[in-house]
2 protein chains.
Amino acid sequence: MQTLSTEDYLKAIYHVSQSSPGAVATTSIAKQIGAKPSSVTDMFKKLSDQNLVKYQKYNGVSLTNEGIKTALRIIRKHRLWESFLVSHLNFNWDEVHQVAEQLEHIQSEKLTNELERFLDYPTHDPHGDPIPNRALFMKTYNKILLIELPVNKEGVCIGVKDNSSDFLRYLDRRQIGIGTPLQILHREDFDDSLHIQAGKSTLMITKKTAENIYVKP
Amino acid sequence: MQTLSTEDYLKAIYHVSQSSPGAVATTSIAKQIGAKPSSVTDMFKKLSDQNLVKYQKYNGVSLTNEGIKTALRIIRKHRLWESFLVSHLNFNWDEVHQVAEQLEHIQSEKLTNELERFLDYPTHDPHGDPIPNRALFMKTYNKILLIELPVNKEGVCIGVKDNSSDFLRYLDRRQIGIGTPLQILHREDFDDSLHIQAGKSTLMITKKTAENIYVKP
DNA sequence: CAACAAATTTAGAGAAGTCTAAATTATTTT
DNA sequence: AAAATAATTTAGACTTCTCTAAATTTGTTG
Ligand SMILES: [Mn+2]
Ligand SMILES: [Mn+2]
Ligand SMILES: [Mn+2]
Ligand SMILES: [Mn+2]
């Protein structure tokens, strides 16, 4: 049985290891968690004692199979709760993360599985991220970043890379959300800005924005 | 902002103070929480420092207005979650307490209020206990224990005093639940047992059982 | 009212998680 | 390859919550 803190560390290690290959460094987790590197080292030792990570001094950690399973169980709960908050409790997609960060630690298999049934077995959360099923398997689309979409090729927004409130509310104002059809009309070489078609409106976005939107080509 | 532990203490103090008048004794909380009296003394000092209780050495504590409000906010969440688990997630009334014990600590006013709306502003939880509304006011029926119901007077089960799984499952087997019509047919002086009408069936219950069922006369 | 019993508090310590400051190891630069 | 820089770990300390064992206070009884 894990504590709230070890669960957050395992999740952070999982996320960092997904976005960059190889062992996970102390400082990368310190940044993610918002703790000092010395605290992270302490936790690495604790997780290693429980065989949830493989830890080599001065060389970071990697999750064991048990560690991966534990992380996925938490991610499963996190994303199911986010889905619930949006679909039934009138939360906007930029408001759910903070609350799901707490709800993901509730310990009750029955609760998790009944919530999943109640939501009718959703496969993706409000940000387009895949939800692990009961067997911890998740369905992943092949997706690309909007920046990588060829000019004039049609795509559909299926997720976001940056989950910050600022970015999500910016997309709300631009009326871009999951399911919105997207197409690049023109790439401006001068400042890397993009002229795009989003649903029925045309608008201009920066490179940074295009690097944080996932599309299905 | 309270910790999980201080919240549980405040709730325990509230419950004990409801069932017995005057200051709340150290040992009574120790029993309720499952901690040693010395730990309780420590916590009494901490709560007193935060002005949530009035504490006099060797004479127990009583909640301040702020302490009562904090306790009611937690009880509100506890009972709303219990209601949700039973009404939407297929939990039985004997299974909800343990999970609600965790969910009651989730910090999000919006979550609590939206959950209340989603459940259509329930006034009582699955055990018949009143749910404080947003203003922390709760509607209390005038209720009596089944043992106090006069012979042959009709009543309706509106709650239970003992919330243990054992008792609740026993009531399930006897097909007694919230809303079940109850009537005492005969009191046996010899062993204090009761012959009762419960819904459509007649059955025999002990004094102890009759002391743990609330009825509206 | 003195002696005993029960309740309560104090003293001291441990586990979990965090931090700062200092020491060590690894990496990059010159 | 040495020096400088960056990353990581260690040492020591603090907070919160808990415990055991001992001391103190309160209540009860002969
Ligand atoms: Mn979390
Ligand atoms: Mn998400
Ligand atoms: Mn609780
Ligand atoms: Mn209840």
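Chain letters run A, B, ... following the sequence lines, proteins first, then strands; residues in each count from 1.
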side-chain N/O [X] vs [N] OP1/OP2, d < 4.0 Å:
X	N	answer
B:Lys36	D:dT18	no
B:Tyr55	C:dT9	yes
B:Thr27	C:dA7	no
B:Thr41	C:dT10	no

In whole angstrom, what separates [X]'s [atom1] from [N]'s [atom2]?
X	N	atom1	atom2	answer
A:Lys57	C:dT27	NZ	P	16 Å
A:Gln2	C:dA16	CD	C1'	13 Å
B:Met1	D:dT16	CE	P	15 Å
A:Met43	C:dC19	CE	C1'	14 Å
B:Asn59	C:dT9	CG	P	9 Å
B:Phe44	C:dT9	CZ	C1'	12 Å
B:Gln50	D:dT16	CD	P	9 Å
A:Leu4	C:dA15	CG	C1'	17 Å

Any donor-acceptor pair under 3.5 Å linking the side chain of B:Thr64 with the backbone of B:Gly67? yes
Looking at every strand, decide which applies to A:Ser5 at a 4.0 Å heavy-atom threshold: base, sugar-phosphate, or nothing. sugar-phosphate
Using a 4.0 Å heavy-atom cut-off, does B:Ser39 contact any base of the nucleic acid, only the sugar-phosphate backbone, or nothing at all? base
Give the nucleotide from the list C:dT9, C:dG17, C:dC19 with an atom nearest to the side chain of A:Asp42. C:dC19
Between D:dT18, C:dC19, C:dT10, which nucleotide has the shortest distance from any of its atoms to the side chain of B:Lys45? C:dT10
Comparing A:Tyr58 with A:Lys46, nearest DNA chain C nucleotide closer to 5' gives the residue A:Lys46
Considering only distance and modelled atom types, tabulate donor-acceptor pairs under 3.5 Å from the side chains of residues 204-211 of chain A, sequence neighbours left out.
unit_1	atom_1	unit_2	atom_2	d
A:Thr206	OG1	A:Thr209	N	3.3
A:Thr206	OG1	A:Thr209	OG1	3.4

Got a salt bridge between B:Glu66 and B:Arg73, using NZ or NE/NH1/NH2 to carboxylate O under 4.0 Å? yes
Is a salt bridge present between A:Glu114 and A:Arg117, judged by a nitrogen-to-oxygen distance below 4.0 Å? yes
Is there side-chain contact between B:Phe118 and A:Leu89, with at least one heavy-atom pair below 4.5 Å? yes
Between B:Leu168 and B:Glu95, is there a side-chain heavy-atom distance shorter than 4.5 Å? no
Any luck finding a side-chain donor-acceptor pair between B:Asp162 and B:Ser164 under 3.5 Å? yes
Tell me if the CD atom of B:Gln98 is crowded by more than 12 foreign heavy atoms within 6.0 Å. no
Quick check: any donor-acceptor pair below 3.5 Å linking the side-chain of A:Ser38 to the base of C:dT18? no
DNA chain C-proximal residues of residues 99-106 of chain B, any heavy atom under 4.0 Å: none
